[in-house]
Amino acid sequence: MMRFSTLSSKNILLGVTGSIAAYKAAELVRELSRQGAAVTVVMTESAGKFVGLTTFNALSGRTVYTNLFNNPAEPAPHINLPRQADAVVIAPATANFIGKMAHGIADDLLSTIVLAAQKPILVCPAMNSAMYEHPAMKGNLEQLRKYGYQVVEPETGPLACGDEGPGRLAEPSTICEAVKTVLEKKDLQGRKILVTAGPTEEPIDPVRFISNRSSGKMGYSLARVARRRGAEVVLISGPTCLSKPWGIEFVPVRTAAEMHKAVMSYFDWATIVIKAAAVADYGPSTVIPQKLKKGTPDLSLKLTRTPDILKELGKRKKRQILVGFAAESKNLAVEARRKLQEKNLDLIVANDITVPGAGFGFDTNQVKIITAAGGVIDSPLLDKEEIAYLILDKVLEVMQKRGGRS
């Protein structure tokens, strides 16, 4: 039943070039290793001016390569190293090295590895903004994309030189996600998946609101896993503390009304809709324009029902697979089946919020997945990304029983 995608048993060849961002490559080795990958580092000569070979050796626990003639007893490392790898990652990739890759120049170990590699190659640029935005750089990156390389775009922010703009090496977590994506089986290729996540906030006054304890972690996990598996993904999210997932169109909203508007605007585009958001059922009838002051001992608020987005989608759906969620504190199966039928869902994912580790805010969950045809899966307590794989597996099963018409 479980098929949690990790980097366990994967061999990653990490090329480090001469940039001040090379210190982040050390963090990347640590993160890849923590997630189970075996990392072999290849450094250019200039990279050694920023981070020492000993650092990468200690973090990876493996031999670090610096030139074609490191070890006479190990011939042709530029051929053997990429053959043993599942993916090649160049991080940081300098302007100079990107230019060499784009034009097929092979004058050191790392550049010959790139030319010889027949595995997925990820390029993670890091440089000054002026260099990054130069037409020659844009042309070189476009050429790499034509070769089939995956470019992990740099971030925008303060740079080591004091400038501010695009050119910061992507964070290790982002690069790890990109590696997982290129290595994952693309069984959702061609699907358009709309995911909602997080809570909504229904304002009382300029500083107070009604909300719930949803963290958004389940929805964000579903969006990431769907993207890894080849789908085109749009994530509509209420306010959370989570980072925007890499490679996904992100639509931030605040209120149930904003969530409703955003979902309806994307509904016809989607082939699969997964409503993991915990939308507030009620909101204040009137928003007080000024901050409420302490006055009478008691305060009464009149609440109005917010739009039932899922029920409306159930009425409107034609070709879409519609997945709902039910967070319950009692009668889990009964309430889930009632919601499944009332809202015309194809699948519902129910969890008992009283189970330790399975309520709002946790990294884990324990769910009951029920289909409209009566199929049921009971999961143990698992990481939410693993739960996401189970849900998407079940969605694929429903689609296959329909004959792929979705």
Side-chain angles (χ1 to χ4, degrees), residues 191-227 231-292 301-318 320-327 339 342-345 347-349 353 359-361 384 388 391:
R191 307 299 179 182
K192 296 178 179 180
I193 301 185
L194 175 62
V195 180
T196 68
T200 62
E201 295 178 351
E202 310 307 318
I204 297 171
D205 66 11
V207 299
R208 300 177 179 88
F209 56 83
I210 295 173
S211 189
N212 55 64
R213 295 180 179 177
S214 174
S215 65
K217 291 179 179 179
M218 189 68 252
Y220 279 57
S221 293
L222 281 158
R224 282 194 301 270
V225 172
R227 172 68 175 82
E232 185 180 349
V233 181
V234 172
L235 174 62
I236 300 174
S237 175
T240 76
C241 295
L242 304 175
S243 299
K244 173 186 171 183
W246 174 78
I248 290 170
E249 183 177 347
F250 183 74
V251 182
V253 298
R254 183 187 176 201
T255 65
E258 291 173 1
M259 177 76 76
H260 176 269
K261 181 179 179 180
V263 169
M264 295 307 161
S265 70
Y266 281 96
F267 185 59
D268 290 336
W269 164 86
T271 54
I272 300 166
V273 179
I274 305 177
K275 288 287 281 96
V279 181
D281 294 323
Y282 295 90
S285 300
T286 304
V287 178
I288 300 168
Q290 303 297 326
K291 179 185 174 183
L292 282 169
L301 288 174
K302 183 180 179 181
L303 303 180
T304 302
R305 188 76 169 85
T306 60
D308 191 331
I309 302 173
L310 191 56
K311 189 172 184 177
E312 185 174 342
L313 295 181
K315 291 178 179 178
R316 287 184 51 178
K317 76 170 185 176
K318 296 178 181 178
Q320 295 93 343
I321 297 286
L322 185 57
V323 181
F325 277 69
K339 188 172 184 180
E342 284 185 3
K343 305 198 176 184
N344 192 26
L345 308 180
L347 197 76
I348 192 161
V349 183
I353 59 175
F360 291 131
K384 284 183 175 175
I391 294 168

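Just so it is clear, the structure is predicted and the values come from calculations on it, not from any experiment.
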Exercise: identify the closest heavy-atom pair between [X] and [Y]:
X: Thr200; Y: Ser211; answer: O-OG, 2.9 Å
X: Val263; Y: Leu194; answer: O-CD2, 4.0 Å
X: Ala388; Y: Met218; answer: N-CE, 3.7 Å
X: Phe250; Y: Pro245; answer: CD1-CD, 4.3 Å

Query raised in the report: Listed by chain and number, what are the side chain to side chain donor-acceptor pair (under 3.5 Å) partners of Glu201, not counting sequence neighbours?
Result: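 Testing Glu201 for side chain to side chain donor-acceptor pair (under 3.5 Å), a comparison that skips the adjacent residues, returns Arg254.
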Can you list the residues that meet the salt bridge (Lys or Arg N to Asp or Glu O under 4.0 Å) rule with [X], with sequence neighbours excluded?
X: Lys317; answer: Asp346
X: Lys343; answer: Asp308
X: Arg208; answer: Asp205
X: Glu249; answer: none

Is any side-chain heavy atom of [Y] closer than 4.5 Å to one of [X]?
X: Leu322; Y: Leu310; value: yes
X: Met264; Y: Leu313; value: yes
X: Leu303; Y: Ile210; value: yes

[X] side, atom [atom1]; [Y] side, atom [atom2] - distance, nearest 0.5 Å:
X: Leu242; Y: Lys217; atom1: CG; atom2: NZ; value: 7.0 Å
X: Trp246; Y: Arg227; atom1: CH2; atom2: CZ; value: 4.5 Å
X: Ile353; Y: Phe360; atom1: CD1; atom2: CZ; value: 6.0 Å
X: Met259; Y: Lys261; atom1: CE; atom2: NZ; value: 14.5 Å

Acceptor/donor pairs from residues 272-288 side chains to any protein atom, 3.5 angstrom cut, sequence neighbours excluded:
residue : atom : partner : partner atom : Å
Lys275  : NZ   : Thr196  : OG1          : 3.4
Ser285  : OG   : Lys302  : O            : 3.1
Ser285  : OG   : Thr304  : OG1          : 2.5

